[in-house]
Amino acid sequence: EVKFELPKRSGEIKNAYAYLVNTRRIDKEIVNDFIKNKNLYQDEQKNCVFVSYNNDGQPDFANKRGSNTHKRFVADVPGSNYNNCFYINNGASALVVTESVIDAMSVMTITKQNGSNYKNFNYLALSGTTKYPALKNHLEQNQEIDKVILALDNDNAGLTACINIQEDLKDWNGKIIEHLPVNEKDWNAQLCSDKQKNIGFEQGKNISLHKGF
């Protein structure tokens, strides 16, 4: 069994910060929140390291994302707990499920741009589409959740995962909603394209993730 060890931290955060805010267009307040809550730091290779914690407050899942715009790098830290994956518990009754942490941050950003509080939701990033048993685990542990919003990618893998998850949760009593990006493959691409087109989310003309979902 591989021992879970977090990558060595660098004393810097600026590469990770610039990548998330400038390249990925994530809201600064959300990035600051992640840093403050120890869900994000920068390692010695200048990667973003996203960290999630178990019920005892111990880190048990981490995912690395390169901050170099020209060279894609993404990897889970060996020994990560796939029963939990990357989870943010805001004590909410609705849970948003995405494929990547950056997609979760993109949904948070869009929600904030819509004038809603992104902390009205819990978030689960699965690190892909096949690790959805983590969702069942969180629903068992958090009985207050009565709504799951599947905000996966709008591609074959994402659509297949939506079907598999609904099958997996057929005995669960809550409500399951599919909410896929409309014009792009994933939520970060949707966020970036809408910003580039200068379409105001604040008018609520586009996608809205809000309490009355």
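As the structure is a computational prediction, the values presented were derived from the model and not from experiment.
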Test of understanding: with ring-ring contact (aromatic ring centres under 6.0 Å, His included), list the residues that count as partners of Tyr87, not counting sequence neighbours.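 Counting only residues at least two positions away or on another chain, Tyr87 forms a ring-ring contact (aromatic ring centres under 6.0 Å, His included) with His138.
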
Under the ring-ring contact (aromatic ring centres under 6.0 Å, His included) test, which residues partner Tyr82, sequence neighbours left out?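 Applying ring-ring contact (aromatic ring centres under 6.0 Å, His included) to Tyr82 gives Phe61.
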
Heavy-atom closest pair, residues [X] and [Y]:
X	Y	answer
Leu126	Ala134	CD2-CB, 4.4 Å
Lys14	Gln42	N-OE1, 3.5 Å
Asn154	Glu184	CB-O, 3.9 Å

Connected hydrophobic set around [X], excluding itself, where side chains approach under 4.5 Å:
X	answer
Val77	Phe4, Leu6, Tyr41, Val49, Val51, Tyr53
Phe73	none
Val74	none
Val2	none

Got a sec, which pairs hit ring pair (Phe, Tyr, Trp, His ring centres under 6.0 Å) with one end in residues 158-177, sequence neighbours left out?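 Sorted result for residues 158-177: empty, none.
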
Quick one: are Tyr123 and Asn90 in side-chain contact, heavy atoms under 4.5 Å?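 Contact flag for Tyr123/Asn90 side chains = yes.
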
Tell me, with the steps shown, if Gln141 and Asn137 meet side chain to side chain donor-acceptor pair (under 3.5 Å). CA-CA 6 Å; Gln141 287 181 27; Asn137 180 37; 3.0 Å; yes

Does the side chain of Asp60 come under 3.5 Å of the side chain of Asn54 through a donor N or O and an acceptor N or O?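 No, no side-chain donor-acceptor pair sits under 3.5 Å.
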
Strictly below 4.0 Å, N to O, side chains only: are Lys136 and Asp168 in salt-bridge contact?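 Yes, charged N to carboxylate O under 4.0 Å.
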
With sequence neighbours left out, which residue pairs that include part of residues 115-124 fulfil the salt bridge (charged side-chain N to carboxylate O under 4.0 Å, His left out) condition?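 Counting only pairs at least two positions apart or across chains, the salt bridge (charged side-chain N to carboxylate O under 4.0 Å, His left out) contacts touching residues 115-124 are Asp33-Lys119.
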
Sequence neighbours left out, what pairs pass salt bridge (charged side-chain N to carboxylate O under 4.0 Å, His left out) with at least one residue falling in residues 64-90?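 Matches after skipping sequence neighbours: Asp76-Lys131.
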
Would the distance check show the side chain of Asp43 and the main-chain N or O of Lys46 forming a donor-acceptor pair, the cut-off being under 3.5 Å?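 Checked: pair present.
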
CD/Glu29 to NZ/Lys112 distance, rounded to the nearest 0.5 angstrom?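 It comes to 3.5 Å.
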
Under the rule for side chain to side chain donor-acceptor pair (under 3.5 Å), what residues qualify as partners of Ser106, not counting sequence neighbours?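 With neighbours one apart ignored, the set is Asn188.
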
Side chain to side chain donor-acceptor pair (under 3.5 Å) with Glu99: which residues, sequence neighbours excluded?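 Counting only residues at least two positions away or on another chain, Glu99 forms no side chain to side chain donor-acceptor pair (under 3.5 Å).
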
Apply salt bridge (Lys or Arg N to Asp or Glu O under 4.0 Å) to Asp103 and list each qualifying residue two or more places apart in sequence or on a separate chain.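 Applying salt bridge (Lys or Arg N to Asp or Glu O under 4.0 Å) to Asp103 gives none.
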
Leu159 vs Leu152, side-chain contact (heavy atoms from CB on, under 4.5 Å): CA-CA, chis, key distance, verdict: CA-CA 8 Å; Leu159 295 165; Leu152 302 176; over 6 Å; no

Let's go through Leu20 and Phe34 carefully: what are the C-alpha distance in whole Å and the side-chain angles of both, what is the deciding distance for side-chain contact (heavy atoms from CB on, under 4.5 Å) to 0.1 Å, and is it a yes or a no? CA-CA 11 Å; Leu20 292 170; Phe34 267 61; over 6 Å; no

